[in-house]
Amino acid sequence: MGCLDRETATAYLRGDLEPHEAEQWAAHLAICDACRHVVEEISALIDAVRQDLMRLDVGCDSTWQHRQRTWPSLERMIDRPHREPSGKSIGEWLNAKTISLALASVLFLAAVLWVRGASVSAAEILQRASTAERTADAKPGDVLFRVVTVEERRGTARTLVSRRRVETWRKTGTSVAARRAYNEVGRLVAAEWIDNRGGHTVYASGHVPASDHEQPVPARALPLPARALLGADESWRLELSAATFSSLIDEPASARASETPSTIRVTYESTTDDLVAAALTLSKSDLRAIEQTVQLGRGPESRELRIAEDRVSHMEPDAVAATVFKVDASLESPELPSSPAIAPKRLSDSALMGLEVEALHVLDGAGALLGEQVNVTRTPAGLVQVDATVDSSARKEELERALAPLSRTSGLHIRVETFEAAASRDPSRDRSQPEQLPVVREVEVQKDDIPVGRLLRDYFSASGGDSSEEAIAERVRALANRAVEESQLVVQHAWAMKSLAGRFRPDSQRVLDEHARAVWQTLIRQHAAAIANHGSRLRELLQPAFFPEEAIGIPALGASADDIGLAAERILALAHTQDDAVRAALVTSATSSAATTFLQTQQFWNALTELVAVAQRTATQ
Amino acid sequence: MLNLTRQLRPGLESRFRETYEAHYAALHRYVTRLAADASLADDVTQEMFVRLWKEMTAVGEPENVRAWLYRVATNLVIDRGHRHRRALAVILPSTFARANTPSRDPDVERDVLRRQIVRRVLERLPEPMRQCLLLHHEGLTGKEIALVLGIKPSYVGTLVLRAHDRFRRECDAFGGPHGLLG
C-alpha cells in the first residue's frame, strides 16, 4: 500500500470508504507522518470552510418561526389534498365506485408485477400503459382534473425559455375536455375546448398577440397529431400520456425501459430523426404517465420540452362547475354577477390589516398587481374593499376564482368588473386613457424601422453566424422584442412594489401582526427580486451591442437605513426612465429619426445598473 | 388508487410530520445558502414538503427521503432562476464601512465584509461544485450526494475536495488572510 492521495484522504475523512479500506488507511496513518499531515491539512481546510459558511446563516434565525408558520398550511393540505371534493368521510369513500376503483388498482398492480416478473419490452409497457389510459378514460361519469407544468429549454445550456401551467378538465367516457394554459404570473394565455363530437376550439396559442382592444377570437381547429404539437406555440396542448409518447417516437421497438422502486422509465434515442431523445416516466402503481421529456435537434438550436404532472384528481361531476367546460365568458357571454357583499362584523384594526394583506397576497398570486387596476382599501366602516377593473371577462372570472376562498370572509367586500362595464357605468372614465389599461405590446420590427436598427444590424453582421438579411433582421427583431418585454416587466413589478410598499405607514406597520407583516414584506421583496431579475436580463441583452466596454456585473450596495417606501419610489422612477429609453430606441416609430437615442448613453446604462442594484438590495435586505 | 392511500393515511401523516421535523431546519439552511435569498428559501422549503406529500400519497415514500428532499430543493432553486450571477465586484473596506455600517467597530466591519466575500465566492463556484460543497456540510453521505447530484459515488470525494480547494483559493485571493482582510 502506497501513501494517501488528497482525494482518498477526503473520502476517508468523510467516511465514504469501504470499512476494510478505511481500516487499512487507519493503520497506515499510525505509521506515516506524511499521510497524517495530508489528512490534517484537509481536515483543517474543511473546518475553515465550515466556519465561513456559518457566516451566511447569520440573520436566518427566522427559520424556526417560518417552520411554525409553515406547518399549519401543510396540515391543511394533508386534510384536504384535492381542494374540490373535500370533506368526505371514510364511509362515503367505501362505496361501490371506490371498491371498483380499488379492484382496478389491484389489477393494475398485478399487471405491473407481471411486467416486472417477465421483464417485458419497453414497447409492451407502452402498450399496456396506453390500454390502461384508454380504460380509465372510457369509464363514464367521472371528471378528471389534471395540472401539468410544461417547460421549454433551449440550446446546450438548456436555458429555460418558457414555463406554463396547464390545467385540463376531462369528462371521462366522452370527448368533452377543456385545457387552459397559464403563464408564470398566473394569467390565462391560451385555451382549448373539445366538445362532445370531438370538435376543437383553440384560442390565443403561442405568440399570436391579443391586442389590447380586441377580444381574442376563438378559432375552430382540427385535432393535430402529436408531432405537430411539438412547436413552441402548441406545446401546451401536448397530452402527458403513454399513447402520445408512443405516437411521437418512430420505433417503439427501440425504446428501453428501466425502473426505480416507484416508477418505470421508458427512454428512446434516435440518430436519424429530428426528435433525438425522449423519455417517459410512468407511475408504477397505475402505469400513469407522470413526466415526459422530448429533445428536438442538437447543439445550440436544440429544444427540450418537459411535461410533468403536478396534480391529478378524480371528481364527481356534481362537484364541478359546468363553466369549466365552457368557452371562457369573455369570448361570448355578458357579465356574470359580482360576488355579493356580506354583512360585516366590525373587525379590529390589526385583523382588518391582516385581511388586507391576505387579499393583496391572493391578488399578487394571480398576477393582478402587475398593471391591472386593483384597489384594496380599508373603509371607515371597518371593511376591506377590493375593487378590480380588468380588461376582459375571462380575466374577471380568473380573479373571482382566485378570490373565492376569501369571498366568504366577513369584513371583505370584493368587486371585480371589466373595463367596459366600468366605463359604461361611469361616464368620467374614458377608454382613450391608455395609462389606465395594461397594454400588451408586441413590437413589430421591419427592416429599417427602429431607431437603432442600423446599429443592431451592423452589430449582428459583425458578430458572425448567419449573415443573410433575413437572419439578421430576425435577430434584431428578437432582441428588440425581448428587451421591450423585460423592460415592461420591470415597470409592472416596480408599480406593484410601489403600491405595496406605500400601503402601510410606519405607525400602522406596528399594528400589523407578525404574520401579516412577514407576508407583506415577502410580497415586496418578491417584486424587488423580479425587478432585479428582469433588469439584469435587460442589461445582459443590451450590453454586447450597446455597451461592450461596460462590465456586466452589478456593484453590490450595502444595507441601507432608508425606508422601503423610498427605495420603491426610486426604483419606479428609474424603471420609467429606462422603459422610456428602451421604447424610444427599440419600438417601431414613424417620427423618431434621432441620430443617437438615450438608450445609447452612459446615463441610461448607469440608471439601469442602479435600478438593478437597488432592487437587489431591497430583495435581500 | 387514491382511495387506497386515503386509508393508509394516518400512518403516512405521522411519517410526513416526522420527516418535516427531522429535516426542515437543515433543508432551510441549505436552500438559504444555495439561493442567497431568505424569502426564496421559505418558499422553496415549503414547496418541497408539498411535493413530498404528493409523492408520498401518489407513489409512496421515496426510498432515501433525505436525498430526495435535497434533490428537489436543488432543482427548485435552479429552476426558479433566482440566482443572480453577480460578478466579483471589488468592495473596499473603507467605502463599505462609510456607506453601510452604522458601527465603526473594525471587528463588525470585518465580519460583514467577510460574509459578503463568502457569499460571492460561493455564488461563483460552478455547478455542481457549489451544491456538493454545501451538501457535504449538511452531512450527507457519499451515496446521498451522488443521488442528489446525479454523479458517481466514487467521484464525490474528489468533487468535495476540489470544491473546498477552490473556495479557499478564491476567498484568499479576494479577501482572505493575505488580501483585504489581512
Side-chain angles (χ1 to χ4, degrees), chain A residues 6-8 10-11 14-16 42 45-46 48-50 52-53 55-60 62-63 66-67 70-71 73-74 77-78 81 90 93 98 101-102 105 160 261-263 283-286 311 313-314 522 525-526 529 532-533 536 551-556 558-561 616 619-620, chain B residues 1-4 6-7 13 16 20 24-25 28-29 32-33 36-40 42 45-46 49-50 53-54 57-60 62-63 79 81-82 84 86-89 91 96 99-102 111 114-116 118-119 133-134 136-137 141-142 153 156-158 160-161 164-165 167-168 171:
Chain A
R6 293 179 81 238
E7 282 77 15
T8 315
T10 309
R14 285 183 36 79
D16 284 344
I42 292 171
L45 168 69
I46 290 176
V49 173
R50 172 176 299 117
D52 271 342
L53 290 176
R55 292 171 193 274
L56 300 178
D57 306 334
V58 175
C60 288
S62 66
T63 302
H66 184 257
R67 176 169 148 194
T70 305
W71 181 254
S73 66
L74 291 173
M77 171 190 75
I78 292 174
I90 294 281
W93 280 95
T98 311
L101 258 178
S105 322
L160 183 70
S262 56
T263 61
S283 145
K284 234 180 218 181
S285 60
D286 58 358
R311 167 171 167 214
S313 45
H314 289 268
T522 305
R525 278 201 293 263
Q526 280 171 351
N533 200 5
S536 297
I552 196 72
I554 301 288
S560 154
Q616 269 178 4
T620 50
Chain B
M1 312 142 258
L2 291 170
N3 306 310
L4 288 179
R6 258 177 192 257
Q7 288 160 49
E13 275 176 31
F16 180 70
Y20 178 83
Y24 185 93
H28 191 277
R29 179 178 55 222
T32 309
R33 288 173 172 187
D37 179 344
S39 64
L40 176 68
D42 289 354
T45 323
Q46 178 163 355
F49 282 99
V50 170
W53 175 249
K54 281 185 190 162
T57 48
V59 285
E63 205 175 1
D79 282 358
H82 271 253
H84 310 302
R86 270 172 279 190
L88 209 54
I91 316 159
F96 192 82
N100 312 298
T101 359
D111 255 9
R114 183 79 206 173
R115 189 158 81 226
Q116 301 278 334
V118 168
R119 159 128 330 287
L133 181 87
L134 295 177
H136 165 87
H137 285 283
T141 65
V156 171
T158 308
V160 167
L161 178 66
H164 280 82
D165 278 342
F167 182 89
R168 174 86 291 124
C171 272

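Reminder, nothing fancy here: chain letters follow the sequence lines and each chain counts from 1.
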**Q** Need one label for A:Ala551: side chain, backbone, both or neither, based on atoms under 4.5 Å from any heavy atom in chain B.
**A** neither
**Q** I'd like to check the side-chain contact (heavy atoms from CB on, under 4.5 Å) partners of A:Asp52; sequence neighbours left out, ordered by chain and number.
**A** A:Arg55, B:Arg114, B:Val118, B:Phe167, B:Arg168, B:Cys171
**Q** Checking B:Thr158 now: which residues fulfil side-chain contact (heavy atoms from CB on, under 4.5 Å) with it, not counting sequence neighbours?
**A**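 For B:Thr158, the residues satisfying side-chain contact (heavy atoms from CB on, under 4.5 Å) (neighbours in sequence not counted) are A:Glu7, B:Tyr155, B:Arg162.
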**Q** Answer with side chain, backbone, both or neither: which region of A:Thr8 has an atom nearer than 4.5 Å to a non-hydrogen atom of chain B?
**A** neither
**Q** Could you give the distance from CG (B:Asp165) to CG (A:Leu45), rounded to the nearest 0.5 Å?
**A** 6.0 Å
**Q** Side chain, backbone, both or neither: which part of A:Arg6 has a non-hydrogen atom closer than 4.5 Å to chain B?
**A** both
**Q** Does any heavy atom of chain B fall under 4.5 Å from the side chain of A:Leu74, the backbone, both, or neither of them?
**A**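 Looking at A:Leu74, just its side chain touches chain B.
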**Q** Go through the steps for B:Leu133 and A:Val49 under the test side-chain contact (heavy atoms from CB on, under 4.5 Å), then give the verdict.
**A** CA-CA 9 Å; B:Leu133 181 87; A:Val49 173; 4.1 Å; yes
**Q** Taking side chain as C-beta onward, heavy atoms only, is A:Ile42 less than 4.5 Å from B:Leu161?
**A** yes
**Q** Please report the shortest heavy-atom distance between A:Ile46 and B:His137, naming the atom on each side.
**A**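 Here A:Ile46 and B:His137 meet closest at O-CE1, 3.4 Å.
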**Q** Of the non-hydrogen atoms in A:Ser283 and B:Val59, which two are nearest, and what is the gap between them?
**A**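 Minimum heavy-atom separation between A:Ser283 and B:Val59: OG-CG1, 3.7 Å.
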**Q** Taking the side chain as every heavy atom from C-beta outward, state whether B:Leu134 and A:Leu53 have any pair of such atoms under 4.5 Å apart.
**A**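 They are in contact (side-chain heavy atoms under 4.5 Å apart), so the answer is yes.
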**Q** For A:Thr10 versus B:Gly157, what's the shortest heavy-atom pair and its separation?
**A** CG2-O, 3.7 Å
**Q** Which region of B:His164, side chain (C-beta onward) or backbone (N, CA, C, O), has a non-hydrogen atom less than 4.5 Å from a non-hydrogen atom of chain A, or is it both or neither?
**A**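 Contact with chain A involves both backbone and side-chain atoms of B:His164.
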